[in-house]
K.L.:
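Got a structure here, written out as structure tokens. Questions coming.
Keep in mind it's a predicted model, so treat the numbers as computed, not measured. Only this structure's heavy atoms are used, side chains among them; waters, hydrogens and symmetry mates stay out.
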Amino acid sequence: MALARARRRRTPDLEEGESYYVSMTDMMVGVIFIFIIMLSYFALQFRQSTKALTEARHPETAALLQTATALTPRDVTVEIDEKARVLCVPETVIGGAGTDRRCFSFAPPTKTSGVAVAAVDAQRALMGFLDADLRDAGAPLVGDTAGGALSFSADALFEPGSSTLSAGGRTIAGQVAASLAKRLPCLSYGGSASATCPEGEAKLALVNVVSQTNLDAFTAEGQKAAALSLARSAAFHQALTGAQPVLGELRSAPAGQPGSQPLLRVASVGQSQEGASKVGEGQTVSIQFMMAQ
């Protein structure tokens, strides 16, 4: 009987301890949940504030306005020396008690022409289109296209040490040419522009097929590397225009107008350095897009 009474006394103690443990667990889960909500809120606020600052026309002013919470309008006389870029206000306006003036220097607002903005937007849209198109096709792009260029390793395009396109290189050239033919006629002159091209869109001034290489300009091998670099630019250019003849018809300005040139042109860049690699090694072939300003 005594043993049974002892067991009955311990049962409530066990139940009470278990209940206490469960309530503590629920509380900790609740605290963590609230913490996650707060963290998400602050992350969202930070993202919105960062976006507002980076996209603002005057980031410094936007940052100050985020901290200023009690701006009050006042009628004051402001003196401005536009030549010296100096602005003066009465000291009383900013909390002073005297009759002196407080002066500040300022910078003139930057002026960006509508044409320049349109050109930047057009180039950004063009590179986004080409990047998505070529990556969907599986073309082996090298680096970021946001800088205004499509880059490929020469090893993926040409036979080793030559300016002859490999089978893979011809496939890549066909993919690039097909993508360019979809978009460049709207950004240039001379081609059969589609009726869907937006009116007044900015135009390209130049699309340069450039082969870049490091070389030792004082050796015969370095000079061969420079010649090979130019030959590869020309070969890739010919592959593009051969796959899509419309690319060869495009011009930077209407035919007959002074300064009108073929839109697609060829260049090579050779940087001289000691210990440069062998002929044809480490070369890059890029298509660089430059908008008319």
Side-chain angles (χ1 to χ4, degrees), residues 7-76 78 87 89 91-96 102 104-152 175 179 182-183 186 196 198 201-202 289 291:
R7 288 178 178 174
R8 284 196 296 270
R9 282 198 302 269
R10 283 197 299 269
T11 301
D13 295 339
L14 291 174
E15 291 176 352
E16 182 180 353
E18 184 176 335
S19 175
Y20 175 76
Y21 175 75
V22 171
S23 63
M24 284 293 294
T25 303
D26 292 343
M27 184 180 69
M28 292 301 298
V29 170
V31 169
I32 294 173
F33 181 69
I34 294 172
F35 174 77
I36 293 173
I37 292 177
M38 293 177 63
L39 187 63
S40 301
Y41 172 77
F42 287 120
L44 179 62
Q45 290 293 106
F46 176 77
R47 182 177 180 180
Q48 291 176 342
S49 299
T50 302
K51 183 178 180 181
L53 291 176
T54 55
E55 295 182 355
R57 184 177 178 183
H58 302 292
E60 298 86 355
T61 301
L64 291 172
L65 288 176
Q66 287 190 357
T67 59
T69 58
L71 288 173
T72 55
R74 295 189 182 183
D75 296 327
V76 297
V78 178
L87 179 148
V89 298
E91 190 176 29
T92 53
V93 174
I94 54 176
R102 292 291 300 275
F104 309 89
S105 63
F106 66 93
T110 56
K111 297 181 180 179
T112 304
S113 68
V115 175
V117 172
V120 170
D121 292 341
Q123 185 181 50
R124 185 183 299 113
L126 171 65
M127 298 314 300
F129 175 88
L130 297 175
D131 182 86
D133 209 19
L134 293 176
R135 292 192 188 279
D136 288 344
L141 288 168
V142 176
D144 188 6
T145 60
L150 303 174
S151 299
F152 304 90
Q175 294 169 339
S179 185
K182 294 177 186 176
R183 184 60 179 164
C186 287
T196 60
E201 188 172 20
F289 301 86
M291 303 299 299

K.L.:
Under the side-chain contact (heavy atoms from CB on, under 4.5 Å) rule, collect the residues that match up with I34, sequence neighbours excluded.
P.N.:
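Only M38 meet the side-chain contact (heavy atoms from CB on, under 4.5 Å) criterion with I34.
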K.L.:
Got a list of side-chain donor-acceptor pairs under 3.5 Å for residues 123-130, not counting sequence neighbours?
P.N.:
residue: Q123; atom: NE2; partner: F289; partner atom: O; Å: 2.7
residue: R124; atom: NH1; partner: D121; partner atom: OD1; Å: 3.0

K.L.:
Would you mind writing out the side-chain donor-acceptor pairs for residues 137-147 within the sub-3.5 Å range, not counting sequence neighbours?
P.N.:
residue: D144; atom: OD1; partner: A146; partner atom: N; Å: 3.1
residue: T145; atom: OG1; partner: D131; partner atom: OD1; Å: 3.1

K.L.:
Would you say that Y41 contacts I37 through its side chain, given a criterion of any heavy-atom pair below 4.5 Å between the two side chains?
P.N.:
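Side-chain contact under 4.5 Å: no.
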